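For reference, the structure is listed below as structure tokens.
Index from 1, following the sequence. All figures in this text were calculated on a predicted structure; none of them were measured in a lab.
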Amino acid sequence: MEKLFEDLNSAQIEAVKTTEGPVMAIAGAGSGKTRVLTRRMAHLIFNLGVDPDRILAITFTNKAATEMKDRIVALHQVPRRAMWVSTFHSMCARILREHIDKLGYDKHFQILDDDDTTQMIKVLLKTLNIDAKMFKPRSLKNYLMDLKSDPEAIEDYEDPLKGVLKQLLPLYQRQLKDSNLVDFEDLLLLTIELLKTHRVVRSYYQSLFQYVMVDEFQDTNDVQYRLVKLLVNKNENIFIVGDEDQSIYAFRGANIANIRKFENDYPKVKRILLEQNYRSTNTILKAANNVISSNKHRIVKNLYSTHGDGDPIVFFKGYTYRDETEYVSETIRRLTHQGYRYEDIAVLYRANATSRPFEDTFLQKNIPYQVVGNLSFFKRKEIKDMVAYMRLIINPDDNYSFRRIVNEPRRGIGNKTLDRLSAFSAEEDESMFALIDHKDNPLGNAAIGKLKLFKQMVLSLREAIEQLDFNTFMDLIIEKTGYKDMLQFDDMGAVRYENILELKTMLQENERAFKDADKIEVLTYVLEDIALKSQEDETKDSNVVTLMTLHGAKGLEFRAVFVVACEQGMFPLFRSMESTKALEEERRLMYVGMTRAKEKLFITNAKQRQLYGSPVMHTDSQFITEIGPDYLKLEGLNKAVSQSFSQSARPRKPVMETVENALQKGDKIEHKTFGRGVVINVVKEQCVIAFGKEYGIKTLLKDHAALKKV
């Protein structure tokens, strides 16, 4: 089947046809590695006559495994079950299902998923009389999984955590075995134990697998590396595909050193560079090559493309992040008028909280979007919790908000207590909050005592709101409610806290916009605005702009990409600058982000940014300097001094302006009843307008007959 090679370049053909001995294909971004893996497997089966079940192909996702199987089946009718194309965990489950009895388990074992594991740990903590509030089960689960693969790491932990783990780990493992259960980590570790301690089983699989192939080798961890070595026979017919420059998952345990280790363990390895990129323009690739070349101890390669040079990379610098978000949104509008679809465009950022101002602006500009890999900022639990606290502070009769946060963090107020209080509220036709002090309250003294403490806290926060600025007020809420302390024991606590701090920024922006307005009225507006945005960001249309983190973008591609907030401290992160290893991982993230772009790449930042409620001055990301001036087109503050910033950064007017978009933030209007006002926000067909003190803040339809733009 020579047609297998018709659309391959010379390096790809070499990778496909070099079947004997260890081979390492260094596959640059967009170099067609999946095609190489599939064709190599097809070449072994159809041209060399190897039985499909004698080839083991390991991928990192079920989606990738399914895609490979589909391509092989499309080329020739091969039974799916005959192919060993799977993830590490699926392969191990298949092996253990046949031989786990040799380790003292029954072959009908069940697999425990992450949620089940967390629930089991909760039960065991009760058995050990350990407070689950002090030691969060989800966090303990992560520690246990690490210790199972590296038991000596226990010495790195401090008491009392070390003491808890020493009690918990043996009890957890015994419970698993007694119940004939295995967790995801056990799937790998028990397979290694089986292969190491039972020579007959090891010999069987080494004989069965004449050829072993591993995709995304740079993402393997130490356990996975050990497992692969045990499966390779003396012929060493192992083929790995990887790229050190795209190793961005160290936080998941991936060991970038495995590629170097592979070369040491297999000294006869043949190295093949896949450098032809099928995705991007040469300008984008040359710039990405420049950035990644600053990383040391890497296998050098230079990506190139036959797509021509294309457009220069645009580097826009705004004075504030408002300029940045306006520029991105207006550029997206311009691209759509040039024939791009929204789904062709992605906005990539380093930290989740960065999405919030872009969501804000996209909603105002009526640009459809989706936040991939995470909830929209306005739907995240911690944001909804903080909103519920503020809603209750300004309106104690809000039963919904009361129920949401009266026991968040936990205060020993359970659902049964709340159900009884809710029933009493319905009988008396008063709010649950108001009835806490009622003389006929049906609750017991202990429950009433806890509820009274909660009520006192809410009332004290209500008194504080007029005396404090919003920045300080938010600090007081997260401290006094115990929410900040709770996040310290949450494995996602740091990210959740960052999101709450971003909410502070949003509050402070509105406080500055209404210097003389009543604090309660401004807060009421903000909460209404959040509710509107939370509802509006739901879209079922697939033609939407993608907002996602750089980590989430790996493996994807878009016609146009914006890499935003490229400032020292934002990207790369401040904490990454403390070590060369961490900084190099950040640089690989930049490389991944840049090489997602097929045609157009925009890099943006701001001179001044509201960071968690406070103004911060940032310098440009060092990665922008590493790109080099030859590939950059400067816009915004970066333009020549002869052109004023106001001209260069001012958003272009849309090519077409509809009635729905006629009013924009900052426009002055006249209302027949309320008089003069200023538009302070726009969400699709609605706009929020600040009138004089007599009428305050109003939300109206943009095309209302009583409104006139001045």
With a 4.5 Å limit on heavy-atom distance, are the side chains of Met91 and Arg94 in contact? no
Walk me through whether Thr220 and Val228 qualify under side chain to side chain contact (heavy atoms under 4.5 Å, CB included). CA-CA 10 Å; Thr220 55; Val228 169; 5.9 Å; no
Side chain to side chain, His89 and Ile111, heavy atoms closer than 4.5 Å: no
Show every side-chain hydrogen bond (donor to acceptor under 3.5 Å, both in side chains) that has at least one partner inside residues 546-557, sequence neighbours left out. Glu216-Lys554, Arg279-Glu557
Grab the two heavy atoms, one from Ser247 and one from Asp219, that are nearest each other, plus how far apart they are. CA-OD1, 4.3 Å
Exercise answer: donor-acceptor pairs, residues 204-213 side-chain atoms, under 3.5 Å, sequence neighbours excluded:
from	atom 1	to	atom 2	distance (Å)
Tyr205	OH	His99	NE2	3.0
Gln206	NE2	Leu230	O	2.9
Tyr211	OH	Glu20	OE2	2.7

For Glu67, all residues meeting salt bridge (Lys or Arg N to Asp or Glu O under 4.0 Å), sequence neighbours excluded: Arg71
Short side-chain to backbone donor-acceptor contact, Asn235 and Asn237, under 3.5 Å: no
For Asp265, side chain to side chain contact (heavy atoms under 4.5 Å, CB included) partners two or more places apart: Tyr225, Lys229, Lys261
Can you check whether Trp84 reaches Ile55 side chain to side chain, under 4.5 Å on heavy atoms? no
Any heavy-atom pair between the side chains of Tyr591 and Asp243 that's under 4.5 Å? yes
Do Leu140 and Leu125 come close enough that some side-chain heavy atom pair is under 4.5 Å? yes
Nearest-0.5 Å distance, SG of residue Cys92 to CD of residue Gln224: 9.0 Å
Working note: Leu348 + Met548, criterion side chain to side chain contact (heavy atoms under 4.5 Å, CB included); need CA distance, chi angles, decisive distance, verdict. CA-CA 5 Å; Leu348 308 180; Met548 69 192 315; 3.4 Å; yes
Test side-chain hydrogen bond (donor to acceptor under 3.5 Å, both in side chains) applied to Thr118 - qualifying residues, sequence neighbours left out: none
Side-chain contact test, heavy atoms from C-beta onward, threshold under 4.5 Å: evaluate it for Ile478 versus Tyr389 and give yes or no. no
side-chain hydrogen bond (donor to acceptor under 3.5 Å, both in side chains) involving Tyr172 - partner list, sequence neighbours excluded: Asp183
Per side chain to side chain contact (heavy atoms under 4.5 Å, CB included), Leu124 is matched among Met120, Lys126, Lys122 by Met120
I need the Tyr400 OH to Ile405 CD1 distance, nearest 0.5 Å. 11.0 Å
Please walk me through it: do Leu195 and Leu227 pass side chain to side chain contact (heavy atoms under 4.5 Å, CB included)? CA-CA 9 Å; Leu195 297 172; Leu227 181 57; 4.0 Å; yes
dist Asn264:CG -> Ile259:CD1 (nearest 0.5 Å) comes out at 12.5 Å
Has Asp215 got a side-chain atom pairing as donor or acceptor with Ile58's backbone, closer than 3.5 angstrom? no
Which pairs with one or both residues in residues 190-201 pass salt bridge (charged side-chain N to carboxylate O under 4.0 Å, His left out), sequence neighbours excluded? none
How would you list, by chain and number, every residue that makes a salt bridge (Lys or Arg N to Asp or Glu O under 4.0 Å) with Arg271, sequence neighbours excluded? Glu263
Does a side-chain heavy-atom distance below 4.5 Å link Leu37 with Arg40? no
As a quick check of understanding, evaluate side chain to side chain contact (heavy atoms under 4.5 Å, CB included) for Leu4 and Asn47, giving each step before the final call. CA-CA 10 Å; Leu4 289 175; Asn47 292 345; 3.8 Å; yes
Backbone of Val544 reached by a side-chain donor or acceptor of Gln370 within 3.5 Å: no
So CZ of Phe109 and CG of Asp101: to nearest 0.5 Å the spacing works out to 10.5 Å
I need the minimum non-hydrogen distance between Arg596 and Ala29, along with the two atoms involved. NH2-CB, 3.8 Å
Review item, side-chain donor-acceptor pairs of residues 150-162, under 3.5 Å, at least two apart:
from	atom 1	to	atom 2	distance (Å)
Glu155	OE1	Lys162	NZ	3.4

Before you tell me yes or no, could you show the steps for Arg356 and Glu359 under salt bridge (charged side-chain N to carboxylate O under 4.0 Å, His left out), namely the whole-Å CA-CA distance, both residues' side-chain angles and the distance that decides it to 0.1 Å? CA-CA 5 Å; Arg356 197 278 300 175; Glu359 291 185 64; over 6 Å; no
Can you measure from OG1 (Thr481) to CD (Glu408) and round to the nearest 0.5 angstrom? 9.5 Å
Is the number of heavy atoms from other residues, nucleotides or ligands within 6.0 Å of OH (Tyr143) greater than 12? no
Going by the salt bridge (charged side-chain N to carboxylate O under 4.0 Å, His left out) test, which pairs reach into residues 409-419, not counting sequence neighbours? Arg403-Asp419
Sorted by chain and residue number, the side chain to side chain contact (heavy atoms under 4.5 Å, CB included) partners of Glu382 (sequence neighbours excluded) come out as Arg380, Tyr483, Arg496, Asn499, Ile500
Leu96 versus Thr191: any side-chain heavy-atom pair under 4.5 Å? yes
Interatomic distance, NE2@His43 vs OG1@Thr18, rounded to 0.5 Å, equals 8.5 Å
Got a salt bridge between Lys581 and Glu584, using NZ or NE/NH1/NH2 to carboxylate O under 4.0 Å? no
Among all residues two or more places apart in sequence or in another chain, which pass the side chain to side chain contact (heavy atoms under 4.5 Å, CB included) test with Asn142? Asp491
